[in-house]
Amino acid sequence: QVQLVESGGGLVQAGGSLRLSCAASGRTFSRFSRYVMGWFRQAPGKEREFVGAISWSGGSTYYSDPVSGRFTTSRDNAKNTVYLQMNSLKPEDTAVYYCAAARTMGTTMTEYDYWGQGTQVTVSS
């Protein structure tokens, strides 16, 4: 019943852009605005890594070094939706991207209680 559903993934050429969306629903998200929303990614054969996160108010964001300056996360609490705008994509950005919800800001998987099933992003050279 609790759901985080990612969308917007696909195949894109290096240098291109994609915008991912994560829509939240269910009893847990009756107060969606109180949750930190994070993004993680996992490339083939690699550990899942933190990408970025946005506070419940939307006033604070944090990004990992590989994506800083290229990716931007935002949220629309009225729509129970968080976004990840990805610009200047590189082949090394290829991964399954996951959104997740936490009670407090964090950069590790342990802080996040709820997860989407992921959306594939493939960047070709």
Side-chain angles (χ1 to χ4, degrees):
Q1 190 168 356
V2 175
Q3 289 188 89
L4 298 175
V5 180
E6 302 95 337
S7 62
L11 176 65
V12 65
Q13 293 278 93
S17 298
L18 283 174
R19 189 180 76 159
L20 306 184
S21 299
C22 175
S25 63
R27 294 188 300 274
T28 303
F29 299 98
S30 60
R31 295 199 300 164
F32 173 78
S33 63
R34 296 290 294 178
Y35 283 86
V36 172
M37 298 300 297
W39 291 94
F40 292 77
R41 67 185 183 184
Q42 188 164 19
K46 302 293 182 64
E47 298 292 318
R48 190 171 299 186
E49 66 175 358
F50 174 77
V51 174
I54 183 166
S55 65
W56 65 267
S57 68
S60 181
T61 57
Y62 182 79
Y63 303 95
S64 65
D65 289 340
V67 309
S68 181
R70 299 187 297 120
F71 291 10
T72 303
T73 187
S74 60
R75 66 193 298 163
D76 186 339
N77 290 340
K79 294 182 172 65
N80 291 345
T81 301
V82 63
Y83 304 95
L84 183 68
Q85 178 68 46
M86 305 185 294
N87 298 326
S88 301
L89 283 161
K90 306 173 181 179
E92 47 264 51
D93 295 318
T94 295
V96 176
Y97 283 72
Y98 300 88
C99 68
R103 295 185 298 275
T104 187
M105 181 69 76
T107 59
T108 65
M109 292 176 59
T110 56
E111 277 79 47
Y112 292 83
D113 296 325
Y114 301 98
W115 293 81
Q117 293 189 342
T119 185
Q120 177 71 48
V121 172
T122 302
V123 184
S124 62
S125 60

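Just so you know, these numbers use all the heavy atoms, side chains as well, and skip hydrogens, waters and symmetry mates.
Q120 and T122 get closest at one heavy-atom pair: NE2-OG1, 3.3 Å. Smallest separation of non-hydrogen atoms from D93 and R41: OD1-NH1, 2.9 Å. Y112 and G106 make their closest contact through OH-O, 2.7 Å (heavy atoms, listed as atom of the first residue, atom of the second, distance). Across all their heavy atoms, A101 and L4 have their closest contact at N-CD1, 3.9 Å. Between T81 and S21, the closest heavy-atom pair is CG2-CB, 4.3 Å. Contact detail for G9 and L20: the closest heavy-atom pair is N-CD2, 3.5 Å.
A donor-acceptor pair under 3.5 Å is absent between the side-chain atoms of Q42 and the main chain of A95, judged by distance alone. The backbone N or O of G118 sits less than 3.5 Å from a side-chain atom of E6, completing a donor-acceptor pair. The main-chain N or O of V123 is found under 3.5 Å from a side-chain atom of T94 such that the two form a donor-acceptor pair.
In this structure, the separation between OG on S74 and CZ on R19 is 7.0 Å, given to the nearest 0.5 Å. Within the model, atoms CE of M109 and CZ of F40 stand 7.0 Å from one another, a figure rounded to the nearest 0.5 Å. Atom CH2 in W39 sits 12.0 Å away from atom CZ in F50 (nearest 0.5 Å). Atom CZ of R34 sits about 12.5 Å away from atom CZ of R103, to the nearest 0.5 Å. Here the OG-NZ distance, from S125 to K90, works out to 14.0 Å after rounding to the nearest 0.5 Å.
Hydrophobic clustering, with ILVMFWY side chains joined whenever heavy atoms are under 4.5 angstrom apart, keeps Y83 apart from Y35. Follow the hydrophobic side-chain contacts under 4.5 Å out from V67 and you reach L18 in the same cluster.
Within a 6.0 Å radius of CD in E92, other residues, nucleotides and ligands contribute more than 12 heavy atoms.
Ring geometry for F71 versus Y97: interplanar angle of 30 to 60°, hence tilted.
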Full working for side-chain contact (heavy atoms from CB on, under 4.5 Å) between R70 and Y63 | CA-CA 10 Å; R70 299 187 297 120; Y63 303 95; over 6 Å; no
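Under the side chain to side chain contact (heavy atoms under 4.5 Å, CB included) rule, M37 has a single partner from N77, T73, V82, which is V82.
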